[in-house]
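For reference, the structure discussed in these notes is given below.
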Amino acid sequence: MAKLAHAQWSSRMTFVLAAAGSAVGLGNIWRFSYMVGDNGGAAFVLIYLACVALVGLPVLVAEWMIGRRGQKNPINSMAELASKHGKSPAWALVGISGVLAAFLILSFYSVIGGWSLNYTLGTVIGTFNGQDADSISDLFGSMLASPGTLLLWHTAFMLLVIGIVARGVTKGLESAARSMMPALVVLMLVLVGYGVASGHFGEALAFMFRPDWSAVNGGVVLAAMGQAFFTLSLGMGIMMAYGSYLGEDVNLISTARTVIILDTGIALLAGLAIFPIVFANGLSAGEGPGLIFVTLPLAFGNMAGGTLLGLMFFLLLTFAALTSAISLLEPVVEMMEERTSLPRVSATLVSGVAVWMLGVAALLSFNVWADFQIIGLNIFDLLDTFTSKILLPLTGLGAIVFVAWCLKRESVETELGLSATGISLWNIVARIIAPIGVIIVFVAGLI
Ligand code: PHE
């Protein structure tokens, strides 16, 4: 008996860690903090939390359910379930737009992964030691201004991703990275402690949790929802693919809750670590994508043992980024392997090089192509905006509508294993609240 219970626990645990490995990445630390800063603080945080609970959780469960019932890659799972339930084959589009989103996101994700690599080296060689806020900002600015530096690190990051995916050694790497997640949390707690000592922790708390609703508009709400999708790896078919490996005995709702608590907890910790440094040094919270790169090195460069802590932090951040990046390239490679006759290594190379090329366009938008803008956005912002604010919500919407409205009631009941009240609650959230929420936010954000 005891043995059985342990075996079940361990398989659910493995799954939670795998899903968290994809979910926890640059999105929690780099993207979350700068989004909070850019969108005015607490109101954004609270709307983001509501989006995670009311939309993120049901969509996560829906994606896993599609994977577990379809037992195939996202596109085929959707196609097969649709045909089984007498629905249009066009539902496969949900899977296709997911793979497209993964491709586009990886291109700019890799550029930021490159920054993280560069800063890992920077801490080792002591670049940030004893520097003040201005000189650290200048260092970041000169990195952005140099296409060569950005290209070098983007290429290095992408080579790592390609190398790992081509060899199919993701399992080993993921398990290594997973054991590093607790270390990342510990380091973040150290930084939060540093923030408390800086005397500006109260200010940071107020910034993150005392909302000023007057600053909220459709754009802020859409940004919060986009962040919820991005950080939970939703709307990309990734969670569908993971769901196809999921045992029948795993409870989807409680598992989703665990993954979400982990992911959100790390993001909030990152905010509590970063904003005290922002306020203590008179930096701007709305610094944009560079926020963690101008705040954290400042802390590491000026604290006792900072070189070692900084090295560990950026190394762990790079690892978290790598595990997420791998989960982004996998679906693209898998699709290519299945649709063409290319062997794995070539499929990885072709898709990796294509992603790399788009990433080059993204990094040039920080310097030589800065003036090249479409609808007021440079290429980097365009990729980020188009994926997080359009593709991800639409794909997620497709997944939840499909599960809530097209799957047979019995299938959903068996999948969720809920009581009668639980099912009614699920129906209200999955059929009405989540889809309508996505649609309203989407429309309000775009107009
Ligand atoms: N969720 C990851 C993060 O927060 C990014 C990611 C997005 C990974 C989509 C896979 C798919 O960094």
Side-chain angles (χ1 to χ4, degrees), residues 16-17 19-57 60 112 116 178 180-198 200-213 215-216 220-221 223-234 256-280 283 285-289 291-293 295-296 299 309 313 316-317 320-321 323-324 388:
V16 166
L17 288 173
S22 167
V24 175
L26 294 169
N28 303 63
I29 297 170
W30 161 71
R31 198 172 190 281
F32 176 77
S33 55
Y34 100 77
M35 282 280 148
V36 173
D38 274 3
N39 289 286
F44 175 90
V45 174
L46 299 180
I47 298 169
Y48 156 80
L49 292 175
C51 288
V52 164
L54 294 175
V55 180
L57 184 113
L60 181 55
I112 314 296
S116 183
R178 267 174 242 148
M180 295 188 189
M181 219 147 35
L184 189 64
V185 173
V186 171
L187 272 174
M188 219 112 68
L189 286 171
V190 172
L191 282 171
V192 174
Y194 179 80
V196 172
S198 76
H200 290 256
F201 191 68
E203 223 174 307
L205 263 186
F207 180 69
M208 278 183 69
F209 297 108
R210 194 178 303 145
D212 167 12
W213 297 109
V216 173
V220 171
V221 184
M225 197 173 67
Q227 173 63 17
F229 276 93
F230 188 96
T231 189
L232 292 174
S233 304
L234 295 177
R257 204 169 42 211
T258 312
V259 170
I260 285 180
I261 290 174
L262 259 175
D263 187 77
T264 309
I266 294 187
L268 293 176
L269 262 187
L272 291 176
I274 289 158
F275 289 110
I277 305 173
V278 170
F279 297 123
L283 292 162
E287 173 74 32
L291 186 65
I292 67 164
F293 297 95
T295 48
L296 297 182
L309 290 175
F313 181 87
L316 290 168
L317 183 66
T323 52
S324 297
S388 72

Taking all atoms of both residues into account, what is the closest heavy-atom pair of [X] and [Y], and its distance?
X	Y	answer
Ala215	Val220	O-CG2, 3.9 Å
Gly195	Ser198	O-OG, 2.6 Å
Leu191	Ala299	CD2-CB, 4.3 Å
Val278	Ala285	CG1-N, 3.8 Å
Thr295	Leu291	OG1-O, 2.8 Å

Please examine the side chains of [Y] and [X], heavy atoms only from C-beta on, and report whether any two atoms are closer than 4.5 Å.
X	Y	result
Met208	Leu268	yes
Ile274	Phe32	no
Phe275	Val36	yes
Leu309	Tyr194	no
Glu287	Tyr34	no

Decide yes or no on side chain to side chain contact (heavy atoms under 4.5 Å, CB included) for Met188 and Ile29, but give the supporting numbers first. CA-CA 10 Å; Met188 219 112 68; Ile29 297 170; 4.1 Å; yes
Nearest-0.5 Å distance that lies between atom [atom1] in [X] and atom [atom2] in [Y]:
X	Y	atom1	atom2	result
Leu187	Leu269	CG	CG	11.5 Å
Asp212	Phe207	CG	CZ	10.5 Å
Arg31	Ile112	CZ	CD1	10.0 Å
Gln227	Leu232	CD	CG	9.0 Å
Phe230	Leu234	CZ	CG	11.5 Å

Does [X] use its side chain to pair, donor to acceptor, with the backbone of [Y] at less than 3.5 Å?
X	Y	answer
Ser324	Ser22	yes
Ser33	Trp30	yes
Thr323	Ala320	yes

So Phe313 and Val190, side chain to side chain contact (heavy atoms under 4.5 Å, CB included) or not? Walk me through it. CA-CA 10 Å; Phe313 181 87; Val190 172; over 6 Å; no
Please tabulate, for the side chains in residues 37-55, all donor-acceptor contacts under 3.5 angstrom to protein atoms that are two or more places apart in sequence or on a different chain.
unit_1 : atom_1 : unit_2 : atom_2 : d
Asn39  : ND2    : Met35  : O      : 2.9

For Asp263, which residues count as a side chain to side chain donor-acceptor pair (under 3.5 Å) partner, sequence neighbours excluded?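 Result, side chain to side chain donor-acceptor pair (under 3.5 Å) vs Asp263: Asn28, Thr231.
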